[in-house]
Colleague: 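The structure's right below; bear with me while I get my questions together.
Heavy-atom basis, side chains included; hydrogens, waters and symmetry copies ignored. Chain A is the first sequence line, chain B the second, and so forth, proteins listed ahead of strands; every chain is numbered from 1.
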There are 2 protein chains.
Amino acid sequence: MHIQETFRALADPTRREILMHLSRQEMTIGEVTDRFEITRAAVKKHLNILEEGQLISVHVQGRERINRLEAQGLSAVSDWIGYFNQFWDQRLGALKTAVEDAEAAKRKSIKGKI
Amino acid sequence: MHIQETFRALADPTRREILMHLSRQEMTIGEVTDRFEITRAAVKKHLNILEEGQLISVHVQGRERINRLEAQGLSAVSDWIGYFNQFWDQRLGALKTAVEDAEAAKRKSIKGKI
DNA sequence: ATTAAATGATACCATAAGGTATTATGTTAG
DNA sequence: CTAACATAATACCTTATGGTATCATTTAAT
C-alpha cells in the first residue's frame with residue numbers, strides 16, 4: 001500500500017511541478033534544479049519523496065541520476081478516485097447533479113486513460 | 001485554483017477515510033467523530049480542510065452541520081492527472097509499457113467516470 | 001594524477017500540521 | 001426559563017515538512 005506515499009508526494013506544489021517537467025523529458029537532478037530557485041539538496045529531497053510515491057523512477061548513469069516519470073503512482077490515485085464512482089452512481093438530488101456537471105466539464109479535458 | 005487545497009486535503013489518511021464514510025451517507029461532525037478515536041475538535045479541523053479542498057460541502061441544519069461528499073474536488077484531481085496522458089501517449093519503450101500495464105490493471109476497477 | 005562535476009549525507013532552522021484541552025456560543029427539549 | 005446538546009474558537013504541544021549550509025564521495029576530463 002503505497003497510496004499514502006503517493007498522495008503525500010502530490011501534496012506539494014513544487015513536486016507537482018517537477019512531475020510536469022519530467023513529463024516532457026527525463027532529467028538529472030541538476031537539470032531539474034535549474035528549473036527552480038531552490039537548492040539542489042531541496043530538489044533531491046523532493047525527488048526522493050516522488051520516488052517513494054512511485055511517481056518517478058531513478059536510473060543511475062555514471063555520475064548522474066536520471067529521473068523519469070513513472071505511471072504507477074498516478075494510476076493508483078486514479079483507481080482510488082474511481083472507488084467513489086459506484087456511490088455517486090446511486091445517489092440522487094443535488095449531489096448527482098454536481099457529479100453530472102463535473103463530468104460535463106471534464107469531457108473536454110480527459111482522454112479516457114489513466 | 002483550488003487544486004493545491006484539494007491535494008493537501010487528500011494527503012492525510014484520516015481525511016481520506018472520512019471521505020469514504022461520507023460516500024456512503026452524509027453525517028454530522030459528531031457522527032463522523034464516532035467513527036474515529038480522535039477528538040471532535042480534530043475531526044472538525046479535518047472537515048474544514050476537506051471543505052477548503054472542495055471535497056465536501058457543509059449544510060447547517062439547526063444546531064447541526066451536515067457534511068456531504070462533493071464531486072468537484074476529486075474531479076479536479078482527475079483532470080490534473082489527465083494532463084499527463086498526452087505525454088504518455090507519445091512515449092516509447094519501458095515507460096510506455098508501464099503505462100499499458102497500468103491501464104490494463106485499471107480497466108478492472110474504473111468505470112470511466114471521474 | 002589532479003581537478004572539476006554530480007551527487008550523497010548530515011545537521012540544523014523555521015513553519016506547518018495534527019492533535020488535545022478548555023472555554024464560549026447558539027439550539028432544542030422539558 | 002433552564003438544562004443538555006452540537007458545535008465554535010482559542011491556546012498550546014509535539015512532530016513533520018520544506019528549506020539551507022556544509023562536508024564527504026564518486027566519476028569524468030585534462
Colleague: Could you give the start and end, 5' to 3', of the contact zone on DNA chain C for chain B, using atoms under 4.0 Å from its heavy atoms?
Modeller: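 Range of nucleotides within reach of chain B: C:dA17 to C:dT28.
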
Colleague: Report the distance from atom CG of A:D12 to atom CD of A:E17, rounding to the nearest 0.5 Å.
Modeller: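 Here the interatomic distance stands at 10.0 Å.
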
Colleague: Distance-only check: which donor-acceptor pairs under 3.5 Å involve side-chain atoms of residues 30-38 of chain A, not counting sequence neighbours?
Modeller:
unit_1	atom_1	unit_2	atom_2	d
A:E31	OE1	A:T28	N	2.9
A:T33	OG1	A:I29	O	2.8
A:R35	NH1	A:E31	O	3.0

Colleague: State which residues pass side-chain hydrogen bond (donor to acceptor under 3.5 Å, both in side chains) with A:H21; sequence neighbours excluded, sorted by chain then number.
Modeller: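 Testing A:H21 for side-chain hydrogen bond (donor to acceptor under 3.5 Å, both in side chains), a comparison that skips the adjacent residues, returns none.
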
Colleague: Please, which pairs that meet salt bridge (charged side-chain N to carboxylate O under 4.0 Å, His left out) have at least one residue in residues 40-62 of chain B, sequence neighbours excluded?
Modeller: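 Residue pairs passing salt bridge (charged side-chain N to carboxylate O under 4.0 Å, His left out), neighbours aside: B:R8-B:E52.
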
Colleague: Please work out which residues in residues 37-47 of chain A have a non-hydrogen atom less than 4.0 Å from an atom of DNA chain D and list them by number.
Modeller: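 Of all residues in residues 37-47 of chain A, the ones placing a heavy atom under 4.0 Å from DNA chain D are A:I38, A:T39, A:A41, A:A42, A:K45, A:H46.
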
Colleague: Decide whether B:L74 and B:M20 are clustered together by the hydrophobic rule: side chain heavy atoms of Ile, Leu, Val, Met, Phe, Trp, Tyr closer than 4.5 Å, transitively.
Modeller: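 The answer is yes; both residues are in one hydrophobic cluster.
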
Colleague: Listed in order of residue number, which residues of residues 51-62 of chain A have a non-hydrogen atom at under 4.0 Å from DNA chain D?
Modeller: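 Contacting residues: A:G62.
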
Colleague: Give the first and the last nucleotide of DNA chain D, reading 5' to 3', that has any atom under 4.0 Å from a heavy atom of chain A.
Modeller: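 Extent of the interface on DNA chain D: D:dT17 to D:dA28.
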
Colleague: Judged by each residue's nearest nucleotide on DNA chain D, which is more toward the 5′ side, A:R63 or A:D12?
Modeller: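 Looking at the nearest nucleotide for each, A:D12 comes out on the 5' side.
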
Colleague: Got a second to check how far B:I66's CD1 is from B:L22's CG, nearest 0.5 Å?
Modeller: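 With rounding to 0.5 Å, CD1 (B:I66) is 10.5 Å from CG (B:L22).
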
Colleague: Working to the nearest 0.5 Å, report the span between CH2 of A:W80 and CG of B:L10.
Modeller: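 Answer rounded to 0.5 Å: 5.5 Å.
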
Colleague: Rounded to the nearest 0.5 Å, what's the gap from CD on B:E26 to OG on B:S57? Could you check?
Modeller: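 Answer for the CD-OG pair, B:E26 versus B:S57, is 8.0 Å.
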
Colleague: I need the B:N67 CG to B:L50 CG distance, nearest 0.5 Å.
Modeller: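 Atom-to-atom, B:N67:CG and B:L50:CG are 8.5 Å apart.
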
Colleague: If you find the nucleotide of DNA chain D closest to A:E64 and the one closest to A:R15, which residue's nucleotide is nearer the 5' end?
Modeller: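 Its nearest nucleotide being more 5', the pick is A:R15.
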
Colleague: Name all pairs fulfilling the ring-ring contact (aromatic ring centres under 6.0 Å, His included) condition that reach into residues 48-76 of chain A, sequence neighbours left out, sorted by first residue then second.
Modeller: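 Listed once each, the pairs would be none.
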
Colleague: Can you tell me how far CD of B:E5 sits from CG of B:L55, rounded to the nearest 0.5 angstrom?
Modeller: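 One gets 11.0 Å once the value is rounded to the nearest 0.5 Å.
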
Colleague: According to salt bridge (charged side-chain N to carboxylate O under 4.0 Å, His left out), does anything in residues 55-66 of chain A pair up with another residue at least two apart or in another chain? List the pairs.
Modeller: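 Not a single pair qualifies under salt bridge (charged side-chain N to carboxylate O under 4.0 Å, His left out).
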
Colleague: Tell me, please, which residues at least two apart from B:A11 pass side chain to side chain contact (heavy atoms under 4.5 Å, CB included).
Modeller: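 B:A11: side chain to side chain contact (heavy atoms under 4.5 Å, CB included) contacts with A:A11.
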
